[in-house]
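Naming convention: chains lettered A, B, ... in sequence-line order (proteins, then strands); numbering from 1 in each chain.
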Amino acid sequence: MPETTAEETARAIAAERGNRPDELLEILHDVQSALGYVPEAVVPALAQALNLSRAEVHGVVTFYHDFRAKPAGRHVLKLCRAEACQSMGCETLVERAESRLGIACGETSADGRVTLEPIYCLGLCATAPSAMMDGRIVGRLTPERLDALLKEAGA
Amino acid sequence: MTSIRFFIPRDAAAIAVGADGVAAALAKAAQAAGRNIEIVRTGSRGMMWLEPLLEVESHGVRHGFGPLEPDDIPGLVAAGLLDGHSIGLATHRKSVGPVEQISFFARQTRLTFTRCGVIDPLSLDDYRAHGGYVGLEQALALGGAGIVDVVAKSGLRGRGGAGFPTGIKWKTVHETTADQKYIVCNADEGDSATFADRMIMEGDPFLLIEGMTIAGIAVGATKGYIYVRSEYPHAIATLKEAIQLARKAGLLGANVAASKQAFDLEVRTGAGAYVCGEETALLDSLEGKRGIVRAKPPLPAHKGLFGRPTVINNVLSLAAVPFILSEGAKVYADLGMGRSRGTMPIQLAGNIKHGGLFETAFGMTLGELVDDVGGGTFSGRPVKAVQVGGPLGAYFPRALFDTPFDYEAFTAKGGLVGHGGITVFDDTADMAKQARFAFEFCAIESCGKCTPCRIGSTRGVETIDKIMAGDGAEDHLALVTDLCNTMKFGSLCALGGFTPYPVMSALTHFPDDFRRAKRLPQAAE
């Protein structure tokens with residue numbers, strides 16, 4: 001059976017890291033950055049490469065919030081919902097983003113443009129509320145700045 | 001003619017509010033004026049309400065301007081910014097005067113953060129010029145047992161939250177024989193309201209590297225890992241670069257600082273699991289597994305990473321060590337109160353006017369910190385509650401503002417110091433909602449190993465929902481209290497074990513917030 005590209009990518013990434021089982025998290029980060037998510041198909045390939053059971057690899061993939069089972073939208077907007085941001089009204093911003101996008105936090109907009117996710121603390125707690133858009137951090141978020149971010153994402 | 005030096009933070013909090021744009025605008029303005037200036041990207045001074053804070057050096061004094069926007073640069077340039085500091089600049093509306101004279105800054109005792117915001121974080125020359133690597137020199141002269149003794153005498157306790165004496169931890173690993181030992185730095189700073197670890201990693205990474213190297217020499221470990229949460233991409237990048245530089249300079253590797261000691265470091269990235277801040281879950285995660293909490297004993301000091309003796313310390317504990325070695329245990333131990341010795345980098349966050357990093361000796365009261373140093377709420381409304389110690393810390397009402405910042409004093413009042421984060425809430429906060437969130441967060445982040453945490457947190461959310469709906473509140477309040485008791489004493493680690501702190505403190509100090517849905521005469525407690 002010919003291997004899919006995802007599996008080949010995963011094997012190559014694992015090999016780059018010496019097929020070391022203790023580097024599984026780093027490998028999964030690399031897989032996700034290459035493929036946009038961690039497809040189920042790479043689990044057996046990684047298990048074989050690292051000499052782990054499929055259950056062990058599956059367990060790790062599903063345990064950590066960072067790893068996605070499906071591709072995200074073109075843009076990922078993460079809004080911090082931890083206490084410091086709560087004290088500065090982040091929940092109102094979450095509601096605003098949800099209603100603008102017509103989705104609940106954790107979902108991807110129907111047109112596939114934006115995935116809205118919660119994040120628990122970016123360590124920007126004295127300039128709250130905070131957000132992260134495609135890896136870019138934003139502090140002192142206001143409704144206006146949120147709208148600008150959404151517009152930037154094409155929503 | 002020497003060029004004028006400007007300083008703008010590269011700290012993530014400064015970048016998040018536009019520091020890169022300010023730096024670019026300044027560079028552009030200088031270029032347009034044909035002036036040769038030097039822009040140093042530093043860590044943050046920690047006065048976050050002033051970020052982005054631009055500093056210009058004049059006669060050895062650094063004058064600040066903030067919070068700036070790129071649009072402020074042309075006005076500042078017109079007032080003479082590119083010619084160094086002047087009267088015209090001092091009266092600019094964004095001028096904050098000499099930065100080190102700002103009261104928030106001047107009243108601190110900055111031992112760990114002495115260089116943060118001052119130097120170029122990736123310049124070893126800067127680091128050395130400001131006292132860096134003196135501690136390592138001392139450590140190499142003292143040897144393992146000598147270092148352990150100094151750290152023990154300093155009274156340093158784990159800054160991650162547990163407050164366990166660092167010297168005892170190191171002594172245990174020092175005395176354990178093994179073919180391989182490890183130093184692990186817990187940089188999984190997941191508590192909301194905390195950012196001191198991040199600031200050190202981004203603003204003074206060699207300090208952490210030096211502290212870990214000293215720990216390695218103290219206990220005979222040749223390998224160290226820094227486990228950083230994935231939410232901190234800037235810290236990860238800075239650390240990796242600093243480690244490369246330290247290796248090149250011979251400060252990491254087979255012969256640390258031309259000695260016979262070997263020590264090297266690796267950075268590992270977490271993957272968004274809060275529970276990995278718990279030390280044994282972190283060790284499992286470092287081994288490439290799910291971050292599941294281990295039962296203790298065995299202690300990590302005996303069987304830690306890959307089953308080998310391991311020192312696992314928080315960033316701030318390790319970062320306190322170089323000072324202790326260079327200045328001596330006594331200088332450190334002379335600060336503080338009771339059994340809390342030295343300084344604590346306190347983080348003022350949330351709804352606060354002057355938020356940021358405030359390093360001070362233990363003993364200042366909560367009220368001084370929030371009202372005096374922090375200036376009260378950002379919103380200008382009255383302070384209702386402050387949560388100290390992150391998501392697992394208690395909510396304190398104003399009535400407890402006389403509590404001194406000290407491990408034992410906080411424990412006595414049903415709270416914890418934790419990692420030193422203080423989140424301020426104004427009077428619009430709903431403490432029942434906050435209690436519900438504490439359970440919810442525990443449910444989201446539970447590793448699932450023990451029942452009180454895994455199931456208890458979910459039952460807790462459901463019960464608080466019933467209380468908020470006014471459905472037989474008194475019975476449910478008793479149930480929550482009982483559930484908290486079970487979680488506190490039956491959980492394997494602090495996630496399930498400490499979730500009762502925010503819940504019970506909210507319930508105890510703000511009972512009205514839990515009863516308003518019921519039409520009953522208010523029972524004051």
Side-chain angles (χ1 to χ4, degrees), chain A residues 17 20-30 32 38 46 50 52 55-68 78 80-92 117-133 135-141 145, chain B residues 12-13 15-17 46 48-49 51 189-195 197-199 229-235 268-274 276 285-292 306 347-352 355-357 378-379 387 390-391 421 423-426 429 433-434 437 441 444-445 447:
Chain A
R17 292 196 176 263
R20 288 176 52 166
D22 62 300
E23 299 236 15
L24 181 54
L25 265 70
E26 302 289 339
I27 291 167
L28 291 171
H29 275 302
D30 290 350
Q32 180 150 301
V38 182
L46 288 178
L50 307 184
L52 295 169
E56 282 168 318
V57 177
H58 174 80
V60 171
V61 175
T62 51
F63 182 86
Y64 295 95
H65 299 306
D66 278 4
F67 304 128
R68 302 172 188 287
K78 297 183 184 194
C80 180
R81 300 182 80 169
E83 288 89 342
C85 287
Q86 289 168 14
S87 76
M88 289 296 281
C90 69
E91 288 305 312
T92 320
E117 287 180 345
I119 190 163
Y120 293 97
C121 200
L122 288 160
L124 312 170
C125 317
T127 50
S130 316
M132 187 186 245
M133 168 102 143
R136 191 177 94 226
I137 45 176
V138 183
R140 292 186 196 133
L141 197 65
R145 286 198 184 125
Chain B
I15 290 173
V17 292
M48 298 303 182
W49 76 97
E51 295 292 1
E189 188 178 48
D191 289 356
S192 180
T194 65
F195 43 83
D197 295 354
R198 183 184 61 65
M199 283 181 64
R229 57 204 299 266
S230 61
E231 292 86 346
Y232 284 1
H234 300 80
R268 288 292 176 85
T269 309
Y274 174 76
C276 290
S285 187
L286 259 184
E287 293 178 8
K289 302 172 187 161
R290 293 189 293 153
I292 302 283
F306 304 118
Q347 299 124 89
L348 299 167
N351 194 336
I352 190 158
L357 188 286
F378 174 83
S379 62
Q387 187 179 29
T423 308
V424 179
F425 290 81
D426 71 14
K433 251 193 198 167
Q434 296 309 126
F437 177 75
F441 186 69
I444 295 169
E445 299 297 341
C447 82

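Going from atom NZ of B:Lys433 over to atom CD of A:Gln86 covers 9.0 Å, rounded to the nearest 0.5 Å. Residue A:Leu25 holds its CG atom at 8.5 Å from OG1 of B:Thr269, rounded to the nearest 0.5 Å. Rounding to the nearest 0.5 angstrom, the gap separating the CZ atom in A:Arg140 from the CD atom in B:Glu51 is 8.0 Å. Atom SG of residue A:Cys125 and atom CG of residue B:Asp191 lie 9.5 Å apart, to the nearest 0.5 angstrom.
Using a 4.5 Å cut-off between heavy atoms, B:Ser379 makes no contact with chain A at all. In this structure, chain A has heavy atoms under 4.5 Å from both the backbone and the side chain of B:Ile444. Looking at B:Pro233, only its side chain comes within 4.5 Å of chain A, counting heavy atoms on both sides. Only the side chain of A:Ile119 comes within contact range of chain B, with at least one heavy atom under 4.5 Å from a heavy atom of that chain. Neither the backbone nor the side chain of B:Ala429 comes within contact range of chain A, judged by heavy atoms closer than 4.5 Å. Contacts of B:Gln434 with chain A are made by side-chain atoms alone, with heavy-atom separations under 4.5 Å and no backbone atom involved. Proximity to chain B is limited to the side chain of A:Arg20, based on heavy atoms less than 4.5 angstrom apart. For A:Glu56, no part sits under 4.5 Å from any heavy atom of chain B, backbone or side chain.
The main-chain N or O of A:Gly123 is found under 3.5 Å from a side-chain atom of B:Arg198 such that the two form a donor-acceptor pair. In this structure a side-chain-to-backbone donor-acceptor pair under 3.5 Å is present from A:His29 to B:Gly270. Without hydrogens or angle criteria, B:Ser192 side chain to A:Cys121 main chain gives no donor-acceptor distance under 3.5 Å. For A:Glu83 (side chain) and B:Thr423 (main-chain N/O), no donor-acceptor pair under 3.5 Å exists by modelled atom type.
Between A:Leu24 and B:Glu287, every side-chain heavy-atom pair lies at or beyond the 4.5 Å cut-off. Side chains of A:Arg136 and B:Ile15 form no contact here, defined as non-hydrogen atoms less than 4.5 Å apart. Using a 4.5 Å heavy-atom threshold, the side chains of B:Asp426 and A:Ser87 count as separate. A 4.5 Å side-chain heavy-atom check between B:Ser230 and A:Tyr64 finds every atom pair outside the cut-off.
Between chain A and the residues B:Gly190, B:Ser285, B:Gly421, the most heavy-atom pairs under 4.5 angstrom are made by B:Ser285. Comparing B:Arg290, B:Met48, B:Glu445 by heavy-atom pairs within less than 4.5 Å of chain A, the highest count is held by B:Arg290. The greatest number of non-hydrogen atom pairs below 4.5 Å with chain A, out of B:Cys276, B:Ala273, B:Gly272, B:Gly356, is found for B:Gly272. Interface summary for chain A: among B:Gly291, B:Ala16, B:Gly390, the most heavy-atom pairs under 4.5 angstrom belong to B:Ala16.
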Criterion side chain to side chain contact (heavy atoms under 4.5 Å, CB included) on B:Glu231 and A:Met132, from CA distance to verdict: CA-CA 9 Å; B:Glu231 292 86 346; A:Met132 187 186 245; 5.9 Å; no
Side chain to side chain contact (heavy atoms under 4.5 Å, CB included) between B:Cys447 and A:Phe63, worked out: CA-CA 8 Å; B:Cys447 82; A:Phe63 182 86; 4.1 Å; yes
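Looking at A:Asp22 and B:Arg268, a side-chain N of the basic residue comes within less than 4.0 Å of a carboxylate O on the acidic one, giving a salt bridge.
Heavy-atom neighbours of B:His234 NE2 from other residues, nucleotides or ligands within 6.0 Å: above the threshold of 12.
For the side chain to side chain donor-acceptor pair (under 3.5 Å) test, residues two or more places apart in sequence or in another chain that qualify with B:Glu189 are B:Tyr232, B:His419.
Between A:Tyr120 and B:Tyr274, the ring center distance fails the sub-6.0 Å criterion.
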